[in-house]
Peer 1: 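This is the structure, below, for whatever I ask next.
Worth saying up front: this structure is predicted, and the values here are computed from it rather than measured.
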Amino acid sequence: MGPKRLVIIDGYALLYRAFFATRYLSTSDGRPTNALFGFTAMLFQLLEKVEPHAMVVALDAPGKTFRHDDYAEYKGTRKPTADELKVQLNDARDLIAALGIPAIEVKGFEADDVVGTISRMGEENGYETTIVTGDLDSLQLVDEMVSVMAPKTGVTETVIYTPADVVARYGFGPEFIADFKALKGDTSDNIPGVPGIGDKGAAELITAFGTIESMIEKFEELPAKYQKKIAGNQDQMRKSKWLATIVRDVPLEYDFAVYKLTEDQLTAAVSMLEKLEFRGLVKKAPSVLGRYLGEGRTTEPAVEVIEEALAPTEGSCADYESLLSALSAGPYSVFFAAPPIRDDLFQEEIRLAYVGQGKNVFEVPELAARELLQARPADAILHDAKPTYRFQPAGAPAPGFDTQIAAFVLRSERSNYALRDLVQGYLEVSAPTTPFQLANGLFLLKETLTDRLERESQATVFEGIELPLVPILADMERLGIAADRGQFREFSGQLQTEIAVVQARVHKAAGREFTIGSPKQLGEVLFDEMKLPGAQKTKTGYATGVEVLADLAAEYPIVADVLSWRELTKLKSTYADALERLVRPDGRIHTTYHQTGAATGRLSSNDPNLQNIPIRTELGRSIRKAFHAAEGFRLASLDYSQIELRVLAHLCEEPALVRAFNDREDVHTVTARAMFHENDVTKEQRRMAKMLNYAVLYGVSEFGLAQQLGAGFSVSEARALITQYNERFPSVKEFTNSIIAEARSKGFTTTLRGRRRHFPDIHAARINDRKAAERQAMNAPIQGTAADMLKLAMIHCTEVLRGSSTRMLLNVHDELVFEVPIGGEDIIPKLQRTMEHALELNVPTEVDAKIGHDWNEMTPLTS
DNA sequence: TACCTCACG
DNA sequence: ACGTACGTGAGGTAT
């Protein structure tokens with residue numbers, strides 16, 4: 001059990017090592033076999049000890065590699081391979097094939113690069129990977145999910161390197177191995193390095209300065225003796241690093257097929273070992289290879305695991321008291337057979353729950369399980385705890401574990417977090433079917449997920465941000481926000497009247513009745529029948545979005561009417577009518593937050609979505625007006641000003657941006673001044689600068705920017721603006737480039753608080769998919785850091801509000817809405833300060849506060 | 001169910 | 001040659 005395991009063997013590196021490490025051996029007819037023996041012995045050891053689910057051998061392709069293209073002397077010092085080894089290399093291919101292990105080689109790349117690529121793919125697919133090699137260059141690939149196994153003295157004695165082992169041996173982590181070689185050089189690969197710098201000097205420099213790039217940047221700070229050595233050798237050093245860096249995006253296909261053997265393969269492999277006269281290995285073969293017969297490692301447990309791992313003893317308890325006496329101290333899981341229904345906010349019904357502890361699972365009345373949760377929350381393991389918490393009194397402490405949240409933190413791009421699937425996937429068992437098995441699986445998942453969170457450095461995000469947020473969100477959902485049904489109803493009526501008028505005008509102008517809401521019909525009316533200019537085709541017909549229609553509205557009244565019809569019907573159906581229905585008997589609207597909905601770490605809100613209540617148009621704000629404070633209270637809205645740009649400034653450290661925020665200047669104006677080299681910039685210039693700033697956040701494309709800038713802007717003008725921006729703010733471009741490079745090599749990006757987002761598509765075959773992944777990657781740390789900040793702010797604000805009658809109602813990404821008792825407004829500056837310091841940046845964060853009776857009419861609060 | 005359109009940050 | 005900014009949720013029509 002535990003995670004799936006992958007073994008990647010660097011074939012020739014291991015054979016090479018085995019050749020020198022194993023005493024000379026030969027068959028009775030004189031064929032040398034020592035390298036093969038060492039190789040096979042190690043393989044057997046692996047199969048026994050690691051029990052991999054998937055296995056692959058990487059080989060060097062014959063011919064030159066891309067490294068030779070740039071550096072002809074690469075590996076120029078290598079002596080030709082000894083003949084005794086050469087013959088064994090050929091036999092090795094046959095042996096590997098006989099054992100049914102896939103072998104991959106890619107022309108132009110070395111086996112190391114193949115290893116790097118597959119280990120990265122394995123990581124993306126959730127494999128715990130062991131790289132088996134005789135060559136320590138691979139240490140640069142080590143991380144939480146990837147370890148390197150290398151022969152120690154002989155072949156059967158091995159040493160395993162985890163990140164901590166690399167640090168222990170070298171004094172720095174795996175990420176600096178390439179820098180180490182860049183300084184020290186490597187005679188076997190003919191990598192020059194920096195003359196005069198060896199092990200000690202290289203280690204010293206890396207510990208003090210990190211990468212060679214930062215050494216070059218901080219050249220003046222280097223000790224004088226190293227300055228001299230490096231001075232004339234910078235290019236050589238850079239080149240050496242390039243040579244030493246393993247490529248992790250080699251174009252190759254590998255399907256992680258489960259390693260398995262047929263009876264025939266086993267027979268063939270054994271007869272091959274017999275021919276090689278490896279009598280000891282032949283004897284061991286049935287027990288070592290036998291377990292991979294048939295369906296291989298992963299399916300072997302399929303039947304058994306349900307019987308063993310997920311085979312709870314099924315008990316039952318009639319009430320809380322008997323449940324308590326049946327349980328021992330420590331963690332317990334609770335699985336609710338029927339999750340609470342959202343609509344039944346205040347309703348309690350007799351349902352069943354399943355409480356699991358180790359092998360024991362008890363069927364109990366839901367009420368008993370709830371009592372247990374309230375008595376011992378810290379031990380509780382739940383899946384999607386929030387709906388359960390909605391029924392509990394406010395202010396409850398967080399549960400001990402939430403498997404849905406943990407799975408989200410690990411892989412936020414998932415769309416399905418069903419308990420069944422997590423149990424199946426993470427515990428590698430066939431799908432649980434009974435509630436007893438689910439409670440049992442839930443209990444077991446905690447171990448596995450905790451381990452994974454730890455390995456992937458996500459424990460802090462889980463424990464420090466996501467888990468504490470669960471009860472806070474439950475409290476906000478339970479409380480809801482007051483809203484005026486009558487106002488929605490009345491507004492809906494007004495809209496209906498207006499819609500009828502506009503609709504009639506549209507039909508009259510068109511000369512016939514048609515469904516305005518049908519883009520297909522609308523397109524035909526406007527572009528076929530009325531022959532309006534500017535028709536754009538989409539896959540299914542004409543494009544009729546605002547971008548297209550807005551240009552025509554001034555000249556064609558029918559188009560203006562269509563746009564107005566759209567606004568009116570949108571407001572009526574999506575907002576006025578829908579919200580009216582959702583005002584609960586307590587006079588409030590209760591949204592549901594999705595903590596696992598957005599891959600960046602943001603929250604999402606649904607049923608209804610209170611994060612997209614209109615604000616941009618006067619008419620739309622009538623909707624917002626219906627959200628109001630309870631009797632005796634006022635609403636306070638506290639929002640971060642330009643939070644994502646501040647995060648960007650922090651992350652890329654662009655001096656011009658940092659200075660603008662430090663000086664509390666308008667950042668778009670500052671941007672415009674810099675771009676256009678003028679002190680007084682026009683409104684239009686500021687508008688363009690603003691768009692550029694946002695373009696950066698989203699991953700700019702020339703075409704996209706031109707579209708956004710509006711009519712009259714060509715792609716080449718947009719390109720020119722981007723060039724100007726990049727010239728003026730070079731650190732921004734460097735930052736986005738480095739993020740993409742990181743996403744490529746590691747497979748994920750990281751926010752300021754360590755939250756990761758994975759990008760499987762960053763190596764997609766289709767360029768468009770790849771480009772899209774790159775844009776997502778450069779946006780993720782920015783949006784994600786802002787999300788971290790908001791979530792931390794919510795946690796800290798909850799502490800500030802403990803014991804107060806002010807309460808937090810809503811999260812709208814960069815805004816928090818509170819309900820403050822009249823007379824208790826002095827809490828607002830405290831909340832403001834709390835938000836401003838939730839996550840410190842190297843630029844100030846500003847939070848603006850507004851207060852009012854409803855969500856529309858709010859007056860700024862200066863403090 | 002897919003697609004379009006549009007509301008928000 | 002192709003499609004076009006990041007992240008969402010929701011309602012409508014047409015299939």
Peer 1: Taking the C1' atom in each of B/dA7 and C/dC2, what is the distance between them to the nearest angstrom?
Peer 2: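 Pairwise C1' distance, B/dA7 against C/dC2, rounds to 29 Å.
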Peer 1: Is A/Glu555 close to A/Leu532 at the side-chain level, that is, under 4.5 Å between some pair of heavy atoms?
Peer 2: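 Sidechains of A/Glu555 and A/Leu532: no contact.
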Peer 1: For a quick test of reading the model, state the closest non-hydrogen atom pair linking A/Gln595 to A/Ile405 and the distance between them.
Peer 2: OE1-CD1, 3.4 Å
Peer 1: Specify the residues of residues 546-566 of chain A, ordered by number, for which at least one heavy atom lies under 4.0 angstrom from an atom of DNA chain B.
Peer 2: A/Val546, A/Arg566
Peer 1: Check step by step if salt bridge (Lys or Arg N to Asp or Glu O under 4.0 Å) holds for A/Glu644 and A/Arg602.
Peer 2: CA-CA 13 Å; A/Glu644 293 194 352; A/Arg602 270 192 180 179; 3.5 Å; yes
Peer 1: If the sugar-phosphate is the primed atoms plus P, OP1 and OP2 and the base is the rest, what is the B/S/- string for nucleotides 5-12 of chain C, using protein heavy atoms under 4.0 Å?
Peer 2: BBBSBSSS
Peer 1: Which residues pass the salt bridge (Lys or Arg N to Asp or Glu O under 4.0 Å) test with A/Glu734, not counting sequence neighbours?
Peer 2: none
Peer 1: Please convert DNA chain C into dot-bracket. A pair counts if it is Watson-Crick or G-U wobble with both distances under 3.5 Å; crossing pairs go in [ ] and bases paired with another strand get |.
Peer 2: .....|||||||||.
Peer 1: Does a side-chain N-to-carboxylate-O contact under 4.0 Å join A/Arg770 and A/Asp761?
Peer 2: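 Judged by the 4.0 Å cut-off on N to carboxylate O distance, A/Arg770 and A/Asp761 do not form a salt bridge.
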Peer 1: Excluding sequence neighbours, so at least two apart, what forms side chain to side chain donor-acceptor pair (under 3.5 Å) with A/Tyr542?
Peer 2: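 In terms of side chain to side chain donor-acceptor pair (under 3.5 Å), with neighbours along the sequence ignored, A/Tyr542 is linked to A/Asp528.
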Peer 1: Mind checking the C1' distance from B/dA2 to C/dA5? Whole angstroms is fine.
Peer 2: 23 Å
Peer 1: Can a side-chain donor-acceptor contact be found between A/Arg807 and A/Thr798 if the only test is distance below 3.5 angstrom?
Peer 2: no
Peer 1: Between A/Arg634 and A/Glu819 (salt bridge meaning N to carboxylate O under 4.0 Å), is one present in this structure?
Peer 2: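 Judged by the 4.0 Å cut-off on N to carboxylate O distance, A/Arg634 and A/Glu819 do not form a salt bridge.
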Peer 1: Under 4.0 Å between any heavy atoms, over every strand shown, what does A/Ile615 touch: base, sugar-phosphate, or nothing? Just pick one.
Peer 2: sugar-phosphate
Peer 1: Below 4.0 angstrom, N of the basic side chain to O of the carboxylate: do A/Arg755 and A/Glu466 qualify?
Peer 2: yes
Peer 1: Using a cut-off of strictly less than 4.0 Å, decide whether A/Gln707 has a side-chain nitrogen or oxygen near OP1 or OP2 of C/dG3.
Peer 2: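 For A/Gln707, the contact criterion (side-chain N or O under 4.0 Å from OP1 or OP2 of C/dG3) is not met.
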Peer 1: Check for me whether A/Arg414 meets the cation-pi criterion with A/Tyr417, that is, NZ or CZ under 6.0 Å from the six-membered ring centre and within 45 degrees of the ring axis.
Peer 2: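 A/Arg414 over A/Tyr417 ring: yes.
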Peer 1: I want to check a possible cation-pi pair here: A/Arg757 against A/Phe748, using under 6.0 Å from ring centre and within 45° of the ring axis as the test.
Peer 2: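 Checked: cation-pi criterion not met.
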Peer 1: Can you tell me the distance, in whole Å, between the CG atom of A/Asn768 and the C1' atom of C/dG3?
Peer 2: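 Nearest whole value for this atom pair: 6 Å.
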Peer 1: I'd like the 5' and 3' limits of the part of DNA chain B contacted by chain A, with heavy-atom contacts below 4.0 Å.
Peer 2: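 Footprint of chain A along DNA chain B, 5' to 3': B/dC4 to B/dG9.
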Peer 1: Is the shortest heavy-atom distance from the side chain of A/Ile828 to the side chain of A/Leu638 under 4.5 Å?
Peer 2: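 Yes, at least one pair of side-chain atoms sits under 4.5 Å.
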Peer 1: Looking only at heavy atoms, which two atoms of A/Leu790 and A/Asp814 are closest? And how far apart?
Peer 2: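 Nearest pair, atom of A/Leu790 first, then A/Asp814: CD2-CA, 4.0 Å.
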Peer 1: Looking for any heavy atom pair under 4.0 Å, which part of the strands does A/Leu610 touch: base, sugar-phosphate only, or nothing?
Peer 2: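 Here A/Leu610 touches no strand at all.
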Peer 1: With rounding to whole Å, what would you report as the distance between B/dC6 and C/dA1 at their C1' atoms?
Peer 2: 30 Å
Peer 1: CZ of A/Arg770 versus C1' of C/dT4: gap in Å, rounded?
Peer 2: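 It works out to 16 Å between those atoms.
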